[in-house]
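The block underneath contains the structure these notes are about, expressed in structure tokens.
Index from 1, following the sequence. All values below were derived from every heavy atom in this structure, side-chain atoms included, with hydrogens, water molecules and symmetry-related copies excluded.
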Amino acid sequence: MFKTLAPRTPEDDAPNPAAPAPASADEPESERLKAAVAAWVASADDEDEADVEGDADADEADDAGDDESEPDVEDVVEDDAEAVEDVEDVEDVEGSDDDDEPVEDPEDVEPVEGKARAASWFAARKPGEADEAAEKPAAEQKPEPEPEADEPAAESVDKSVDKSVDKSVDEPVDQPTAMFKIVRPPVAPAVDQPTTALKLPPTLRARSEAESDSERTSTFVPLRADIPAERKAEEAQEAPKAPEDPKAAAPAPEAATGAPKAFAPASDAPVPPASLAEAERTRQQPLPPLPPLDLLAELTNTPPPKPNALRTTARRVRIWTPLVVLLLIVFAIVQMVRPLPAPALTLSASPTFTFEGGQLKMPWPTEGQGAVEVEGVGSMGTYGAQKPAPIASVTKTMTAYVILRDHPLKGSQKGPEIEIDKKAAEQGKAEHESTAAVQEGQTYTEKELLELLMIPSANNVARLLARWDAGSEAAFVEKMNAAAKDLGMTQSTYTDPSGLLDSTVSTPKDQLKLAKAVMQYDVFREIVNMPNVTVDGIPGRIENNNTILLEPGVSGIKTGSSTPAGGNLLWSANTVVDGETRRILGIVMGAKDADELGKKLQLAIDNSLKIIQQAQNDVTSASVVRKGQVLGYIDDGLGGQTPVVATKELKAIGWPGLQVKLELTDGGKAVPHSGKAGDIVGQVSIGTGVGKVSAPVALKADLVEPGFDKKLTRVG
């Protein structure tokens with residue numbers, strides 16, 4: 001490093017007795033130049049020693065502050081090629097003859113004087129000094145390049161300097177006006193710092209850290225995870241060993257080719273190697289991602305706490321609590337927008353009611369089989385085997401049902417005209433079966449033929465209606481069996497439309513099903529309730545074989561007798577209960593306790609009459625539901641229940657010992673989610689069919705929709 005000297009004064013030009021004598025003219029120009037420079041340096045050192053020391057201290061302080069912004073003189077001298085070009089400007093010294101011309105920029109003079117002194121020092125140093133330099137460590141010495149290609153440049157410098165020395169021998173040099181141009185270091189190419197990482201040698205890295213410490217106010221400490229000991233050992237083995245002495249390991253910088261040794265830089269800093277131009281390559285494999293808590297500990301430079309049960313539980317609570325809260329919010333929203341379940345009427349009263357009077361006692365016959373039923377209420381009981389048996393002319397009830405079903409008659413209608421064919425006329429002359437004396441070519445209405453079918457039980461008319469309806473008797477029989485199946489008569493089989501064949505069989509319960517279906521036709525009830533009838537074209541009055549019709553309340557239906565079947569009677573009777581007519585249906589089959597067929601039929605009629613009379617006496621009514629009685633409630637599906645009450649008294653039809661069922665329904669309307677007290681929301685009923693009785697039910701209190709809590713806590 002060079003010291004900055006103060007400007008010379010006239011007193012400084014006085015001869016110095018200690019200075020060596022000027023060289024003679026016979027000496028070479030280079031020797032004379034060296035002697036002159038050495039003399040000037042010696043005189044300046046003696047006279048300005050105190051000033052130089054003070055200025056040096058100040059310069060050192062300035063250099064410490066400016067080492068990052070302004071290039072150092074040592075860095076300037078390092079570029080030997082530039083220094084040689086700067087020496088060529090010595091010609092400016094020869095042209096400066098005006099002693100009174102002031103120095104324009106002291107900053108430019110001081111470095112020039114320092115460079116001149118350095119040049120004179122290198123030129124005038126003694127062999128002993130060279131020996132001392134040789135004894136220095138190899139790391140501190142600068143290799144002296146051998147001049148090769150740049151030798152002519154050095155010679156040109158010597159010549160320019162010799163010219164100035166010639167004049168200095170004859171005439172003293174005006175030292176205050178001499179100046180050298182400062183050499184600016186070449187601007188290094190810009191480096192893309194964000195994208196290129198350059199490796200610095202240890203020497204330069206240490207120097208850079210030393211130079212920047214004065215401006216730094218804090219120290220950056222990189223955060224690292226708590227690496228286990230095993231992992232540290234592995235990294236230590238894999239990492240390359242650093243040299244112990246950065247100066248010894250760093251290669252000695254080469255001087256610029258062709259530059260004289262006298263212009264080599266005094267600094268020991270090595271020239272950055274060419275590898276700085278290459279980007280640093282990362283060879284370390286990426287580490288797997290750390291757990292959240294470990295990563296947080298690394299970022300905060302805090303080691304993770306040791307795991308234990310309490311911390312694990314707390315961590316799980318912190319992680320799962322937001323998820324659980326989110327799920328609860330979603331669950332609450334879903335529960336609120338879900339449609340409400342449909343309300344339903346539920347019966348809370350006793351579902352059954354038993355009539356008083358003990359058990360019913362019916363006069364059942366001791367033979368055959370039969371059954372009795374109150375239409376719309378239920379069965380009053382059965383007796384016998386309840387197995388399929390021949391039913392004789394009772395078969396004509398199914399024939400009439402099929403004709404009326406396919407060709408119904410309403411009100412006073414009599415139906416289409418039907419012509420008597422030859423076969424029906426011939427069968428009317430049969431002696432061993434019941435027939436009607438019809439003639440071929442005569443025409444009768446549908447109603448008239450139905451009267452001949454049911455009252456005198458004419459077999460030839462039954463076959464005629466079968467052919468008229470289905471085209472043949474066989475086809476009509478198929479329709480009869482299909483109708484039986486539709487009515488649920490699972491134990492009945494029809495083989496002919498008249499019942500003459502004993503292969504046509506049925507049971508008492510099946511016949512009661514047929515009786516309930518056919519008695520729905522007004523024209524049929526009218527016909528079977530006639531004790532006798534007069535038909536045009538047939539002489540006389542035709543009497544009904546069912547003599548029971550003369551008894552009070554008896555209204556049909558059909559008799560039938562044959563040797564295999566015995567005496568049979570399918571009957572209908574009425575009774576009045578609470579001002580309303582109730583129909584009682586029954587059948588007696590297999591009456592055979594008589595020696596003649598007519599007597600067997602009469603026996604069946606007599607047994608039926610006893611049963612009819614007992615049923616008419618026992619059928620009664622009872623108050624099952626009182627007005628205002630709580631019968632049930634509306635269940636909103638979420639635990640809410642609103643009671644409902646009957647709006648009027650409800651009486652049921654029955655007999656002693658009969659147990660009837662109550663049914664609470666919506667009456668064909670949807671049960672509402674809300675309503676006021678007194679609103680009709682359904683009905684309560686007893687029985688089925690025509691015997692069904694019912695009463696409306698209403699809300700006892702206001703019906704409100706379920707609240708938020710019930711909507712939120714509902715499941716399913």
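Checked by atom type and distance alone, the side chain of S434 pairs as donor or acceptor with a backbone atom of S457 at under 3.5 Å. Without hydrogens or angle criteria, Q369 side chain to T507 main chain gives no donor-acceptor distance under 3.5 Å. Between the T647 side chain and the G628 main chain, no donor and acceptor come within less than 3.5 Å of each other. Listed for the S348 side chain is a donor-acceptor partner under 3.5 Å among the backbone atoms of L631. Judged by distance alone, the side chain of Y633 and the main-chain N or O of T642 form no donor-acceptor pair under 3.5 Å. In this structure, the side chain of S572 does not engage the main chain of I557 through any donor-acceptor pair within 3.5 Å. Side chain of R525 to main chain of M519: a donor-acceptor pair is present (N/O by atom type, distance under 3.5 Å, no hydrogens or angles). With hydrogens and angles disregarded, a donor-acceptor distance shorter than 3.5 Å links the side chain of K396 to the backbone of S498.
For the residue pair N568 and K558, no side-chain donor N or O sits within less than 3.5 Å of a side-chain acceptor on the partner. Side-chain polar atoms of D578 and S621 form a donor-acceptor pair below 3.5 angstrom. Counted by atom type alone, D496 and T504 present one or more donor-acceptor pairs between their side chains at under 3.5 Å. Between the side chains of S685 and S694, not a single donor N or O lies within less than 3.5 Å of an accepting N or O. Side-chain contact check for N617 and Q613: no donor-acceptor pair (N or O, by modelled atom type) lies under 3.5 Å.
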Show, in sequence, the C-alpha distance, side-chain angles and deciding distance for I319 and R316, and conclude whether the side-chain contact (heavy atoms from CB on, under 4.5 Å) test is met. CA-CA 5 Å; I319 293 174; R316 292 177 179 175; 5.7 Å; no

What verdict does the side-chain contact (heavy atoms from CB on, under 4.5 Å) test give for N532 and N544, after you've listed the backbone C-alpha separation in whole Å, the side-chain angles of each residue and the deciding distance to 0.1 Å? CA-CA 5 Å; N532 51 65; N544 195 330; 5.8 Å; no

Verdict with supporting geometry, L569 and N546, side-chain contact (heavy atoms from CB on, under 4.5 Å): CA-CA 8 Å; L569 176 62; N546 187 10; 3.7 Å; yes

Between V377 and W655, is the side-chain contact (heavy atoms from CB on, under 4.5 Å) condition met? List the steps. CA-CA 10 Å; V377 178; W655 47 88; 3.8 Å; yes

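Considering all non-hydrogen atoms of both residues, D510 and T490 come closest at OD2-N, 3.6 Å. Contact detail for K516 and Q520: the closest heavy-atom pair is O-NE2, 2.8 Å. When all heavy atoms are compared, the tightest approach of L340 to K711 is CD2-CE, 3.9 Å. When every heavy atom of G637 is checked against every heavy atom of P341, the shortest pair comes out as CA-CG, 3.9 Å. Across Q616 and A573, no two heavy atoms sit closer than the pair NE2-CB, 3.9 Å. The shortest non-hydrogen separation linking L638 to D636 is N-OD1, 2.9 Å.
Under the 4.0 Å criterion applied to side-chain N and carboxylate O atoms, E375 and R582 are not assigned as salt-bridge partners.
The CG atom of D618 sits 11.0 Å away from atom CG of L658, with the distance rounded to the nearest 0.5 Å. Within the model, atoms CG of L450 and CG of L409 stand 6.5 Å from one another, a figure rounded to the nearest 0.5 Å. A distance of 11.5 Å separates CD in Q511 from CD in Q491, rounded to the nearest 0.5 Å. Taking CE from M454 and OG1 from T559, the interatomic distance works out to 8.5 Å, rounded to the nearest 0.5 Å. Atom OG1 of residue T399 and atom OH of residue Y494 lie 8.0 Å apart, to the nearest 0.5 angstrom. Interatomic distance, N545 CG to Q602 CD, rounded to the nearest 0.5 Å: 10.5 Å.
Within 6.0 Å of CZ in R626 there are 12 or fewer heavy atoms belonging to other residues, nucleotides or ligands. Around the NZ atom of K447, the shell of radius 6.0 Å holds more than 12 heavy atoms that belong to other residues, nucleotides or ligands. Within 6.0 Å of the NZ atom in K513, the count of heavy atoms belonging to other residues, nucleotides or ligands exceeds 12.
Counting heavy atoms from C-beta outward, D406 and K479 have side chains that approach closer than 4.5 Å. Counting only heavy atoms from C-beta outward, the side chains of I611 and P365 approach each other to under 4.5 Å. Side chains of E448 and L452 form no contact here, defined as non-hydrogen atoms less than 4.5 Å apart. Using a 4.5 Å cut-off on side-chain heavy atoms (C-beta onward), L449 and W468 make no contact. At a threshold of 4.5 Å between non-hydrogen side-chain atoms, the residues I634 and L345 count as touching. A 4.5 Å side-chain heavy-atom check between V684 and V624 finds every atom pair outside the cut-off. M380 has its side chain out of reach of Q614: every pair of non-hydrogen atoms, C-beta onward, lies at least 4.5 Å apart. Looking only at side-chain heavy atoms (C-beta outward), L327 and W320 stay at 4.5 Å or farther from each other.
When the options P390, S492, P388 are evaluated for a side-chain contact (heavy atoms from CB on, under 4.5 Å) with S506, the one that passes is S492.
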Please list every donor-acceptor pair under 3.5 Å in which a side-chain atom of residues 659-683 meets a protein atom from a residue at least two apart or in another chain.
unit_1, atom_1, unit_2, atom_2, d
D666, OD1, G668, N, 3.0
D679, OD2, K676, N, 2.8

